[in-house]
Amino acid sequence: MNVVVVGGGVAGMTTAYRLMQGGHQVQLFEASPELGGLVRTFDVGGTRLEAYYHHIFSSDTTIIDLINELGFGDQLKWIESKVGWFDDGKIYNFTTPKDLAFFGPLPPLDRVRAGLMGLRLRRREDWAEFERITCKDWIEKNVSKRVFEKVWGPLLEGKYGDAYDQVAMAWLWSKVHLRFQSRRGVSQKEFLGYLMGSFQVYIHEMERRMRAGGVDIHLNAGVQQITATGKRADGVVLADGSRVDADAVVAALPSLLFKKIAPPLGEDYSSKLDHVKWQGAVCMVVTLDRSFSPIYWMNIGDRSMPFLALVEHTNFIGPENYDGNHILYISNYLPQDHEYFGLDEDQLWAIFEPALKRINPAFTSNWVRQKWLFKAPYAQPIIGLEYSKYRPDHRTPVEGLYLETMTQIYPEDRGQNYSIKMGDEVARMVVEDHAKRVSDARA
Ligand SMILES: Cc1cc2nc3c(=O)[nH]c(=O)nc-3n(C[C@H](O)[C@H](O)[C@H](O)COP(=O)(O)OP(=O)(O)OC[C@H]3O[C@@H](n4cnc5c(N)ncnc54)[C@H](O)[C@@H]3O)c2cc1C
């Protein structure tokens with residue numbers, strides 16, 4: 001079988017890799033100059049670093065298996081995380097139940113309620129009811145208005161903007177349920193996974209194996225159109241107008257980009273693609289000559305601040321791995337038309353610098369060695385109520401055309417683990433459908 005895969009993020013790469021292992025002929029087209037998609041990396045002090053902070057949880061078993069399969073299991077380290085919370089001009093520890101017991105922004109009774117909420121969601125297996133209620137309504141009704149106002153509200157608003165009150169409780173259930181599995185022992189400390197040398201290590205190895213196994217990888221090769229004869233996909237057209245024929249096409253792209261290049265998909269499927277809006281991400285990475293705070297992941301509860309979270313990577317993976325540089329991510333999820341998408345590094349720094357001083361008054365720009373700015377218009381789908389009804393299938397209405405996109409990950413939040421899992425599943429479907437077609441043709 002001759003298969004074209006469009007999109008070289010981890011989902012598309014996994015499908016291409018599995019099809020190659022199955023002995024199929026694969027061509028992979030990626031619009032950007034490198035593979036990896038949102039897991040792209042750059043060099044800091046001689047070591048690769050993700051443009052957008054990445055770690056994994058112990059529940060991410062598919063990526064753990066893949067890393068082991070590719071031979072890097074011993075480079076995958078599980079490290080205690082230090083989560084903090086900035087509000088009312090102070091940094092609070094926010095990792096363990098003990099931290100919650102001393103969490104100043106909530107009165108004592110609400111701290112207990114917030115803790116019980118975590119336990120309740122952790123134990124709960126049946127989440128069907130959570131499809132029909134928003135996080136806001138569920139928390140206000142079952143926990144307390146103040147817990148929503150001081151904790152979950154700011155987090156949801158930071159991630160989903162104006163849509164913060166439309167996000168289904170199913171999203172929060174899966175986040176808490178899965179994240180709790182990364183906690184250990186009586187103190188419930190959290191351990192997060194990181195691949196030493198960056199997640200690019202496994203991505204590069206997959207790329208190396210694909211090239212060695214005969215996958216035709218085309219970089220800087222955006223697909224302009226997926227074509228079909230009648231109701232059957234038959235290839236793609238590239239930016240230079242050239243045509244590539246295929247027995248099957250797998251699109252591993254953000255859903256809305258897929259819709260722009262797909263053949264007619266019919267009203268039902270198209271409306272499912274339109275149903276989900278996306279948030280973009282604007283992420284600045286700065287290297288400092290010293291540490292900014294003792295926290296790895298600092299949630300910003302104060303919504304007057306111009307960012308959602310600060311991630312000090314070197315409080316997770318030490319600065320000795322980056323030639324002594326301390327690495328700070330300044331992160332935001334924003335609507336795709338937000339003004340930050342139009343600002344350059346210096347303009348954004350002028351906004352961020354005074355806010356950083358509010359957190360650490362000793363901070364000055366003199367600590368900064370280098371800055372990088374990364375922007376991704378398709379970073380996080382916004383999943384609303386009763387999404388099982390709207391989730392598009394991997395098999396599209398056009399025969400031989402498959403979609404794997406982050407809006408199909410549900411009820412879990414998107415992440416490398418689920419894109420890889422989807423990549424595996426779609427590769428299996430392509431092979432199954434082909435086998436059926438061949439046997440039908442013989443019959
Ligand atoms: C800020 C941020 C933090 C994150 N943190 C974590 C984390 O801690 N842990 C974790 O596991 N995950 C994290 N993620 C999520 C993770 O990066 C994604 O879930 C995963 O990388 C998605 O992979 P994908 O292949 O599905 O999509 P993408 O990575 O979006 O890949 C799609 C690819 O398609 C290409 N493309 C688009 N249009 C075309 C076209 N017409 N022709 C050819 N190619 C095209 C794109 O260039 C891209 O390479 C984070 C994401 C962000 C934005």
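In listed order, ligands and their atoms are each counted from 1.
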Inset, instruction - Using a strict cut-off of 4.0 Å, indicate which atoms of ligand 1 neighbour a heavy atom of L253. - result: 34 (O), 36 (N), 37 (C), 38 (N), 39 (C), 45 (C)
Legend entry - Atoms in ligand 1 flagged as close to Y52, the criterion being non-hydrogen separation under 4.0 Å: 1 (C), 2 (C)
Inset, instruction - Output yes when the distance from some N or O of ligand 1 to some N or O of H55 is under 3.5 Å, and no in every other case. - result: yes
Legend entry - Closest contact, heavy atoms only, L49 versus V44: CD2-CG2, 3.8 Å
Inset, instruction - Can you pull out the closest protein heavy atom to atom 21 (O) of ligand 1? Residue, atom name and distance to 0.1 Å, please. - result: V39 CG2, 3.3 Å
Inset, instruction - Ignoring hydrogens, just give me the one of Q225, E50, M406, Q279 whose non-hydrogen atom is nearest atom 18 (C) of ligand 1. - result: M406
Inset, instruction - Please identify each residue that fulfils ring pair (Phe, Tyr, Trp, His ring centres under 6.0 Å) with W367, with sequence neighbours left out. - result: F363
Inset, instruction - Flag the pair F199 / Y194 as yes when their ring centroid distance falls below 6.0 Å, and as no otherwise. - result: yes
Inset, instruction - Report yes if L38 has an N/O atom closer than 3.5 Å to an N/O atom of ligand 1; otherwise report no. - result: yes
Inset, instruction - Give the residue, atom name and distance (to 0.1 Å) of the protein heavy atom nearest atom 11 (O) of ligand 1. - result: Q416 N, 2.9 Å
Legend entry - Protein contact to atom 32 (C) of ligand 1 [nearest heavy atom, distance to 0.1 Å]: A252 O, 3.5 Å
Inset, instruction - Would you please indicate if the ring centroids of Y387 and W127 are separated by under 6.0 Å? - result: no
Legend entry - Ring-ring centroid check Y202 F72, cutoff 6.0 Å: no
Inset, instruction - Please determine if Y333 has a nitrogen or oxygen closer than 3.5 Å to a nitrogen or oxygen of ligand 1. - result: no
Inset, instruction - Consider every N or O of G12 and every N or O of ligand 1, then say whether any pair is closer than 3.5 Å. - result: no
Inset, instruction - May I ask you to check if ligand 1 and A31 share an N or O to N or O distance below 3.5 Å? - result: yes
Legend entry - Nearest-neighbour protein heavy atom for atom 52 (C) of ligand 1, which is reported as residue plus atom name and distance: R414 NH2, 3.6 Å
Inset, instruction - Using distance alone, determine whether L257 and ligand 1 share an N or O pair under 3.5 Å. - result: no
Legend entry - Which of the ligand 1 atoms, numbered from 1, are nearer than 4.0 Å to a heavy atom of A379: 53 (C)
Legend entry - Polar contact flag for D60 and ligand 1 (N/O pairs, less than 3.5 Å): no
Legend entry - Whether D393 side chain and T396 backbone form a donor-acceptor pair below 3.5 Å: no
Legend entry - Inter-residue atom distance H54.NE2 - H313.NE2, 0.5 Å rounding: 12.0 Å
Legend entry - Centroid separation Y402 to H394 less than 6.0 Å: no
Legend entry - Salt bridge present between D162 and K277 (N-O < 4.0 angstrom): no
Inset, instruction - Could you tell me whether ligand 1 has any atom less than 4.0 Å away from a heavy atom of F29? - result: yes
Legend entry - CG on L121 to CZ on F130, rounded to 0.5 Å: 5.5 Å
Legend entry - Atom indices of ligand 1, in the order listed, that fall short of 4.0 Å to a heavy atom of G222: 42 (N), 43 (C)
Inset, instruction - Please write down residue, atom name and distance for the protein heavy atom closest to atom 34 (O) of ligand 1. - result: G7 CA, 3.4 Å
Inset, instruction - Would you please name every residue forming a side chain to side chain donor-acceptor pair (under 3.5 Å) with Q75, sequence neighbours left out? - result: none
Inset, instruction - Could you tell me the residue and atom name of the protein heavy atom closest to atom 42 (N) of ligand 1, and the distance to it rounded to 0.1 Å? - result: V223 N, 2.9 Å
Inset, instruction - Look up atom OG1 in T62 and atom CE in M422, then write down how far apart they are to the nearest 0.5 Å. - result: 11.5 Å
Inset, instruction - Identify, by atom number and element, the atoms of ligand 1 in contact range of G37, meaning under 4.0 Å from any of its heavy atoms. - result: 29 (O), 48 (C), 49 (O)
Legend entry - Between F42 and F374, ring centroids under 6.0 Å: yes
Legend entry - Residue and atom name of the nearest protein heavy atom (relative to atom 14 (N) of ligand 1), distance in Å to one decimal: H54 NE2, 3.2 Å
Inset, instruction - Say whether S419, considering both its backbone and side-chain N or O atoms, lies within less than 3.5 Å of an N or O atom on ligand 1. - result: yes
Inset, instruction - Using atom types as modelled and distance alone, determine if a side-chain donor or acceptor of R414 lies under 3.5 Å from a backbone N or O of A379. - result: yes
Inset, instruction - Is it possible for you to check whether R184 lies under 6.0 Å from the centre of the six-membered ring of F191, through NZ or CZ, and within 45° of that ring's axis? - result: yes
Inset, instruction - Give the residue, atom name and distance (to 0.1 Å) of the protein heavy atom nearest atom 47 (O) of ligand 1. - result: E30 OE2, 2.6 Å
Inset, instruction - Identify the residue among T47, V201, N321 that makes a side-chain contact (heavy atoms from CB on, under 4.5 Å) with M196. - result: N321
Inset, instruction - Heavy-atom contacts with V6 under 4.0 Å: which atoms of ligand 1 show up? List them by number with element. - result: 42 (N), 43 (C)
Legend entry - Test of proximity, A11 against ligand 1: N or O pairs below 3.5 Å: yes
Legend entry - Atom indices of ligand 1 within 4.0 angstrom of G9 heavy atoms, with elements: 25 (O), 31 (O), 33 (C), 49 (O)
Inset, instruction - Would you check whether Y53 has a nitrogen or oxygen atom less than 3.5 angstrom from a nitrogen or oxygen atom of ligand 1? - result: yes
